[in-house]
Participant: 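Please find one structure pasted underneath; my questions will follow.
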Amino acid sequence: PVVATAGDFDGFFRHFPCAIFELDTELGQQVAAMISAAVNQALPIPSQVQVAQTLDMPLSTFRRRLAGQNTSFRVVRDSCLLDSAQTLLQQGQLSIGQIAQRLGFQDANTFRKAFHRWTGCSPTQWRNNQAG
């Protein structure tokens, strides 16, 4: 839906971000957009239960459809978190701890371990490599 007046915002946000996609958009892309939107707005990362509810589908259907696209909620979430982490690290405005918090990690150490698992290096090493 297009927002034409200030009163239209409520209706828009009832459908955002899912209703703005084409009908043929893959579920994984919809999930990625929802997670990325949460990170960009500094909101908590939605759980798969919350995403399935937002998409108005049973959790079992949600999981089955993702599996049918050869992916899972965890794979999509981790990919989004890695992309967001790299963007935030590259911007250089937030500390590792602030990035960890923004991405929904329990603490900076948990974020460091996940980032190392995803990339093979620490967030600080990755940031330094991008600066040089």
Side-chain angles (χ1 to χ4, degrees):
V2 175
V3 176
T5 67
D8 294 337
F9 276 109
D10 288 339
F12 174 80
F13 285 109
R14 267 195 303 277
H15 302 285
F16 179 81
C18 299
I20 63 172
F21 295 106
E22 300 288 329
L23 292 176
D24 62 348
T25 299
E26 289 189 8
L27 180 60
Q29 291 173 314
Q30 292 178 0
V31 173
M34 292 174 73
I35 293 170
S36 295
V39 170
N40 291 336
Q41 296 173 37
L43 297 172
I45 306 301
S47 69
Q48 66 177 326
V49 170
Q50 292 168 322
V51 172
Q53 288 174 343
T54 299
L55 295 172
D56 196 27
M57 75 176 62
L59 183 59
S60 58
T61 302
F62 175 74
R63 289 177 174 157
R64 188 174 56 253
R65 286 190 55 203
L66 284 174
Q69 296 175 0
N70 296 315
T71 193
S72 68
F73 180 78
R74 182 180 179 149
V75 168
V76 174
R77 184 196 65 212
D78 286 355
S79 176
C80 289
L81 293 180
L82 173 59
D83 289 345
S84 295
Q86 289 174 327
T87 298
L88 294 169
L89 287 166
Q90 201 165 25
Q91 290 172 349
Q93 298 168 338
L94 300 176
S95 70
I96 302 299
Q98 290 169 319
I99 293 172
Q101 183 179 12
R102 176 104 173 241
L103 297 179
F105 286 90
Q106 186 174 9
D107 54 40
N109 195 42
T110 305
F111 168 64
R112 284 184 188 95
K113 288 178 183 178
F115 193 88
H116 192 275
R117 186 176 66 248
W118 297 330
T119 65
C121 66
S122 73
T124 303
Q125 290 171 322
W126 191 91
R127 179 182 266 171
N128 291 339
N129 289 340
Q130 297 305 305

Participant: From Cys121 SG over to His116 NE2, what is the distance, rounded to the nearest 0.5 angstrom?
Facilitator: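 Here the interatomic distance stands at 7.0 Å.
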
Participant: When rounded to the nearest 0.5 angstrom, what distance separates OG in Ser122 from CZ in Arg112?
Facilitator: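 The OG atom of Ser122 sits 8.0 Å away from the CZ atom of Arg112.
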
Participant: Could you check whether any side-chain N or O of Ser36 sits under 3.5 Å from a backbone N or O of Ala32, counting only pairs where one atom can act as donor and the other as acceptor?
Facilitator: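 Such a contact is found between Ser36 side chain and Ala32 backbone.
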
Participant: Examine distances only and state if a side-chain atom of Gln50 and a backbone atom of Ser47 form a donor-acceptor pair shorter than 3.5 Å.
Facilitator: yes

Participant: Going from CG on Asp78 to CG on Leu82, what distance comes out if it is rounded to the nearest 0.5 angstrom?
Facilitator: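 That separation rounds to 8.5 Å.
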
Participant: Does some side-chain heavy atom of Gln48 sit less than 4.5 Å from a side-chain heavy atom of Arg74?
Facilitator: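 The answer is no; the side chains never approach within 4.5 Å.
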
Participant: Only distances under 3.5 Å count here; give the side-chain donor-acceptor pairs of residues 102-111 to other protein atoms, sequence neighbours excluded, each with its distance to 0.1 Å.
Facilitator:
| residue | atom | partner | partner atom | Å |
| --- | --- | --- | --- | --- |
| Arg102 | NE | Val39 | O | 3.0 |
| Arg102 | NH2 | Val39 | O | 3.2 |
| Arg102 | NH2 | Asn40 | O | 3.4 |
| Asp107 | OD1 | Asn109 | N | 3.2 |
| Asp107 | OD1 | Thr110 | N | 2.7 |
| Asp107 | OD1 | Thr110 | OG1 | 2.8 |

Participant: Answer whether the closest heavy-atom distance between the side chains of Val51 and Pro46 falls below 4.5 Å.
Facilitator: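 In contact.
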
Participant: Give a yes or no on whether Met34 and Val75 share a hydrophobic cluster (residues Ile, Leu, Val, Met, Phe, Trp, Tyr; joining criterion: side-chain heavy atoms under 4.5 Å apart).
Facilitator: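 In one cluster with Met34: Val75, no.
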
Participant: Atom OG1 in Thr54, atom CD in Gln30: separation rounded to 0.5 Å?
Facilitator: 11.0 Å

Participant: Could you check if a side-chain atom of Glu26 sits within less than 4.5 angstrom of a side-chain atom of Thr71, using non-hydrogen atoms only?
Facilitator: no

Participant: Is there a donor-acceptor pair under 3.5 Å between the side chain of Gln130 and the backbone N or O of Arg127?
Facilitator: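 Between the backbone of Arg127 and the side chain of Gln130 there is no qualifying donor-acceptor contact (under 3.5 Å).
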
Participant: Are side-chain heavy atoms of Phe73 and Ile35 found at a separation under 4.5 Å?
Facilitator: yes

Participant: Side chains of Leu89 and Phe115, heavy atoms from C-beta outward: is any pair under 4.5 Å?
Facilitator: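 Answer yes - side chains close enough.
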
Participant: Under a 3.5 Å distance rule, please check whether Gln41 uses its side chain to pair with a backbone N or O of Ala38 as donor and acceptor.
Facilitator: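 No.
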
Participant: Would you find more than 12 non-hydrogen atoms of other residues, nucleotides or ligands less than 6.0 Å from Gln101 atom CD?
Facilitator: no

Participant: Say you draw a straight line from CH2 of Trp118 to NZ of Lys113; how long is it, rounded to the nearest 0.5 Å?
Facilitator: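 Answer rounded to 0.5 Å: 14.0 Å.
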
Participant: Given side chains that start at C-beta, do those of Arg77 and Val31 come closer than 4.5 Å, heavy atoms only?
Facilitator: no

Participant: With the 4.5 Å side-chain cut-off for hydrophobic clustering, are Leu94 and Ile45 part of the same group?
Facilitator: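 Yes.
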
Participant: Could you check Gln98 against Leu88 for side chain to side chain contact (heavy atoms under 4.5 Å, CB included), going step by step and ending with a plain yes or no?
Facilitator: CA-CA 10 Å; Gln98 290 169 319; Leu88 294 169; over 6 Å; no

